[in-house]
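So the structure is just underneath, and the comments pick up after that.
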Amino acid sequence: MAQLQRLVISPSQFSDRHINLTAEQEHYLSRVLRLREGDCFIAIKNGEWWLAKLLTPALAEILEAIPASNELAVEVVLLIALPKGNAFEDVVRSCTELGVTCFVPVISKRTLLKPSPQKIERWRRIAEEAAEQSERQVVPAILEPITYSECLSFVNDFSFICVARLEAKPLLNCLVEVKSQIENSKSKIVILTGPEGGLTEQEEQAAFNAGFVGVSLGKRILRAVTAPVVAASLVSAVLE
Ligand code: SAM
């Protein structure tokens, strides 16, 4: 199936074993990929993969379910104090490739970006494209931006805050220690990272008080866009 093109389809487009393609999807399949009637592609709906055949440029028939499992064993939630400019786009792209299931943009004290609704829509499209290209079954959710204090309510038994200048245990060691507990409980892993200027001492303390464990990603200071990618890489390395 690897050679077949994948396309994310919204559940509302499925009806009675057929898929009604949008004008944009029709253009993509027929004009860009040059698929013809009778050609097949993979339709991804809510994490399920379906083999679909084009009947007309605007209509496809669902042939069969395709068993596929490229997802990490547990969900990974990234709470990211937004970096400046378009940098979050790179974070979404790379971390989607690495298996993150949910991005939560956070407005912390030193966050400079105040994203417009258009920007959030763009992030969602990037997540969708990255999920398609990395052959994932799940398109990660990108939540609406929330305040720093709101983001602390995501805490669970496996929540880590990346701290650049405090003596903290490496994230890798923490994950290895709790790996079997995480897998048995099927609990989410939650990771929080700061913006360019870092989190304030009070913000870091508030996270510790809420139950986040402070973790290090190494001796060097990573950019705000690099830290979540490194954290997500460590999570996927340990889980897989
Ligand atoms: N001047 C800031 C400071 O000293 O905290 C630098 C912040 S860094 C550019 C942005 C974020 O990346 C930090 O808030 C932290 O979450 C994460 N980060 C960067 N390097 C890290 C490291 N070596 N270990 C853990 N987290 C790190």
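Ligands are counted one by one from 1 in listed order, and the atoms in each one are counted from 1 as well.
Counting atoms of ligand 1 from 1 in the listed order, those under 4.0 Å from a heavy atom of Val215 are 25 (C). Taking every heavy atom of Arg165 and a limit of under 4.0 angstrom, the matching atoms of ligand 1 come to 3 (C), 4 (O). Short contacts between ligand 1 and Thr193, defined as distances under 4.0 Å to a heavy atom of the residue, involve ligand atoms 16 (O). In the vicinity of Ile221, heavy-atom distances shorter than 4.0 Å reach the ligand 1 atoms 6 (C), 20 (N). Residue contact check: Val163 has heavy atoms under 4.0 Å from atoms 24 (N), 25 (C), 26 (N) of ligand 1. Near Arg220, meaning under 4.0 Å from any of its heavy atoms, are these atoms of ligand 1: 20 (N), 22 (C), 23 (N). Every atom of ligand 1 is numbered from 1 in the order shown, and the set under 4.0 Å from a heavy atom of Glu196 is 6 (C), 7 (C), 9 (C). Every atom of ligand 1 is numbered from 1 in the order shown, and the set under 4.0 Å from a heavy atom of Gly218 is 22 (C), 23 (N).
Closest to atom 18 (N) of ligand 1 among all protein heavy atoms lies Ala227 CB, 3.8 Å. In terms of protein heavy-atom proximity, atom 9 (C) of ligand 1 is nearest to Leu222 O, 3.1 Å. When only non-hydrogen protein atoms are considered, atom 15 (C) of ligand 1 lies nearest to Cys162 O, 3.2 Å. For atom 24 (N) of ligand 1, the nearest non-hydrogen atom of the protein is Leu217 N, 2.8 Å.
No donor-acceptor pair closer than 3.5 Å links the side chain of Gln181 to the backbone N or O of Val178. Side-chain N or O atoms of Glu203 include none that pairs as donor or acceptor with a backbone N or O of Tyr148 at under 3.5 Å.
Within the structure, ligand 1 has Pro195 among the residues with a heavy atom less than 4.0 angstrom away.
A centroid separation of less than 6.0 Å is found between the aromatic rings of Trp123 and Phe88.
The minimum heavy-atom distance between Arg136 and Thr96, with the atom names listed, is NH1-O, 2.8 Å.
Distances from atom 2 (C) of ligand 1 to the heavy atoms of Gly197, Ala164, Gly194 show the closest one on Gly197.
A salt bridge does not link Arg125 to Glu128: none of the charged nitrogens lies less than 4.0 Å from a carboxylate oxygen. For the pair Arg36 and Asp39, the salt-bridge criterion is not met [side-chain N within less than 4.0 Å of a carboxylate O].
Surrounding NZ of Lys109 are at most 12 heavy atoms belonging to other residues, nucleotides or ligands under 6.0 Å away.
A distance of 13.0 Å separates CG in Leu199 from CZ in Arg165, rounded to the nearest 0.5 Å. How far OG of Ser134 is from CG of Asn70: 8.5 Å, rounded to the nearest 0.5 Å.
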